[in-house]
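In this text the structure is predicted, and so the values were computed from the model without any measurement. Worth knowing before you read on, the calculation uses all heavy atoms, side chains too, and leaves out hydrogens, waters and symmetry mates. Naming: A, B, ... by sequence-line order, numbering from 1 per chain.
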Amino acid sequence: MARTEPARGMRDFLPEDVRRREHVIVVIKRVYERYGFEPLETPAVENLETLLGKYGDEGNQLIYKILKRGEGEASGEADLALRYDLTVPLARVVAHHHAKLPRLFKRYQIQPVWRADRPARGRFREFYQCDVDALGSTSPVIEAELCAAVADAMVELGFAEFSIRLNHRQLLTSMLNASGITETLHGAALVALDKEDKIGVDGVRQELAQRGVLPESARSLFAAIGALRDRAPVSGLDETGVAALANLDAIETMAKGTQAEARLRRDPSLARGLSYYTGAIMEVNVADLAGSLGGGGRYDNLVGMFSGQQIPACGFSLGLERILVVMSERGMFPASLATTPADVMVAVFDAAGLPHAMRVAGQMREAGLRVLVYPDADKIGKQIKYADGRGIPFVALLGADEIAKGDVTVKNLAAQSQQTHSQSAAGAAILEALKNRG
RNA sequence: GCGGAUGUAGCUCAGGGGUAGAGCGCCUGACUGUGGCUCAGGAAGUCGCGGGUUCGAGACCCGUCAUCCGCCCCA
């Protein structure tokens, strides 16, 4: 038999999956719109050079490249790529269309991205990101609003317990410098540090040593982190480090009174992988998922990489499938999402009734019902069983008697009752019955 | 990219060298204008794929692919 699974790391979404995904997307959109963000969509495919060099070495490796076509095919070179995230395409859009866009541009974008990563729990090769970004301002109001919007979306989806970890790239740099770690080791040190919540302080200490960080530097680094955690003065920070700390204070002040306030948690060990971040960085976590539900930060230099014109920017990205994994496991979806393809199914006793079924279905649709016509004159029991199996609450029965009189018998499957109406009145009767059962 | 586990009927799984199994689902009938309950019957699997060992392989060996769990990284 031919293989029928989708390609590795890719998934089919069956009707129930689509309804769940759309439910989450609708909630997130509603919240983002409430903060004045506007929708944006960009192509699945970007020019390869647009993406290269924006995500760090590891990121570059994971980009899905598209080989040249036609005459260029033989060269084996790639010139296009599937988008790896929504942030770099946004920066390209802002650089390209800056004259048409407002000075302060707030946009959201919910679209799939592709990464040639190894699939794992909550990790796929095609997945949706729900991004919100604001460009054109360096104010801490931006960070605070992004955190507030994300927190609102989480709360509205039904998450009560979650944290938004907060840190600052320049604070990290300053801290590493103050600890005597040379710049060439900064990347390695940040990777080790970022794992602290997973492998513990001792694990980080070991990994730092493996990566060539001197023991006294590591000691100094841990001391600085400890001081930051305790909100105590940190020795040896340079000016940018001090400014970064002040920036974090300002963000927290602005977030007061929002849903984010209670969830914000300063975490000096948070580093985040993407190389384009320049300021505050954020990450949303819940207890029962090892990775993050989403993350973001400030990237003031990214637009400049395309246009030469520096436009400050800051954004946040929620991972749709991460949210879905947790919501599925916890059973957080509203009962109204249960899949019922129709409100009523029209069934006939013989093929001569089918044209009448079509006509009656049309009347019912005009009345506002979702109507499925059973297409074959199967045994009536089989037809009713199909309707019951699909969760369709009503079956409209058309036999010779009903057709002769212009009637239709409406059977309520749950109540095990049935009533005959005139065909023109049946739709209204079913609507009424649907309302009563809630 | 590395380590571990698992691939048997539509689904969940049992069988660990000698005739391919169960539960659920599906189909038919009891019940020729009515679903769920009950009863009787039925269909369905080259046991992930390729090689090897053996008189004989679903089982043992090698390879491969897929899935899951860790690591790495990330949404």
Taking A:R107 first and then A:D133, would you say they form a salt bridge - that is, a charged N and a carboxylate O separated by under 4.0 Å?
yes
Short N-O contact, A:R83 and A:E46, less than 4.0 angstrom:
no
pair_partner(B:rC47), Watson-Crick or wobble, both distances < 3.5 Å, evaluates to none
Where the side chain of A:K385 is defined as all heavy atoms beyond and including C-beta, which of B:rC26, B:rG33, B:rC73 is the nearest nucleotide?
B:rC26
Can you say whether a donor on the side chain of A:R272 sits under 3.5 Å from an acceptor on the base of B:rC74, or the other way round?
no
Note: A:R123-A:E321 ion pair, threshold 4.0 Å (strictly below):
no
Among B:rU34, B:rU28, B:rG33, which nucleotide has an atom closest to any side-chain atom of A:K382?
B:rU28
Here's a test of your reading of the structure: between A:E207 and A:Q416, which maps to the more 5' nucleotide of RNA chain B?
A:Q416
My understanding is that a pair needs two contacts under 3.5 Å, Watson-Crick or G-U wobble. By that rule, which nucleotide pairs with B:rC68?
B:rG4
Nucleotide nearest A:V191 when distance is taken to its side chain, options B:rC73, B:rA75, B:rG33:
B:rC73
If anything within 90° of 0 is syn and all else is anti, what is B:rG51?
anti
Using a heavy-atom cut-off of under 4.0 Å over every strand shown, decide if A:V113 touches base, sugar-phosphate, or nothing.
nothing
Checking N1-N3 plus N6-O4 or O6-N4 for Watson-Crick, or N1-O2 and O6-N3 for wobble, each under 3.5 Å, the partner of B:rU19 is none
Across the strands shown, which category fits A:Q418 at heavy-atom distances under 4.0 angstrom: base, sugar-phosphate, nothing?
base
Expressed in whole Å, how much space separates the C1' atoms belonging to B:rU54 and B:rA5?
28 Å
Roughly how many Å apart are B:rU64 and B:rC72, using the P atom of each and rounding to a whole number?
25 Å
Looking only at atom P, what distance separates B:rG23 and B:rG42, rounded to whole Å?
13 Å
How about NZ on A:K405, more than 12 heavy atoms from neighbouring residues, nucleotides or ligands closer than 6.0 Å, or not?
no
How far, in whole Å, is B:rG29 from B:rC47 if one measures between their C1' atoms?
33 Å
Side chain of A:K195, heavy atoms from C-beta onward: which of B:rG33, B:rC72, B:rC74 has the nearest atom to it?
B:rC72
Please pick, from B:rU34, B:rG33, B:rC72, the nucleotide with the shortest atom-to-atom distance to any side-chain atom of A:R123.
B:rC72
Between B:rG33, B:rC74, B:rA75, spot the one nearest the side chain of A:F127, thanks.
B:rA75
What's the gap between B:rC11 and B:rG17 when it is taken at their P atoms, as a whole Å value?
27 Å
Could you give the CD1-to-C1' distance, from A:I281 to B:rC74, as a whole number of Å?
14 Å
Looking at A:M10, I want to see if its CE is surrounded by more than 12 non-hydrogen atoms of other residues, nucleotides or ligands under 6.0 Å.
yes
Would you call A:R229 and A:D267 a salt bridge, taking side-chain N to carboxylate O under 4.0 Å as the test?
yes
Paired with B:rC60: which nucleotide, if any, by Watson-Crick or G-U wobble criteria at under 3.5 Å for both distances?
B:rG52
When rounded to the nearest Å, what value does the distance between P atoms of B:rU46 and B:rA9 take?
9 Å
When we call it a touch if two heavy atoms are under 4.0 Å apart, what does A:E402 touch: a base, just sugar-phosphate, or nothing?
base
Side-chain-base donor-acceptor pair under 3.5 Å for A:R322 and B:rC74
yes
Hey, is A:K29 close enough to A:E33 for a salt bridge, meaning N to O under 4.0 Å?
no
Taking the side chain of A:E321 as heavy atoms from C-beta outward, which of B:rG33, B:rG29, B:rA75 is closest to it?
B:rA75
Classify the nucleic acid contact of A:L397 as base, sugar-phosphate or nothing, counting any heavy atom under 4.0 Å across all strands shown.
base
Touch check for A:Y128, heavy atoms < 4.0 angstrom, all strands: base, sugar-phosphate only, or nothing?
nothing
Pairwise P distance for B:rA22 and B:rC31, with rounding to whole Å
28 Å
Closest approach to the side chain of A:D388, judged atom by atom: which nucleotide of B:rC74, B:rG36, B:rU34 is it?
B:rG36
With a 3.5 angstrom cut-off on both distances, give the Watson-Crick or G-U wobble partner of B:rG41, or none if there isn't one.
B:rC27
Quick note, A:K379 side chain, CB onward, closest among B:rG29, B:rG36, B:rA75 is B:rG29
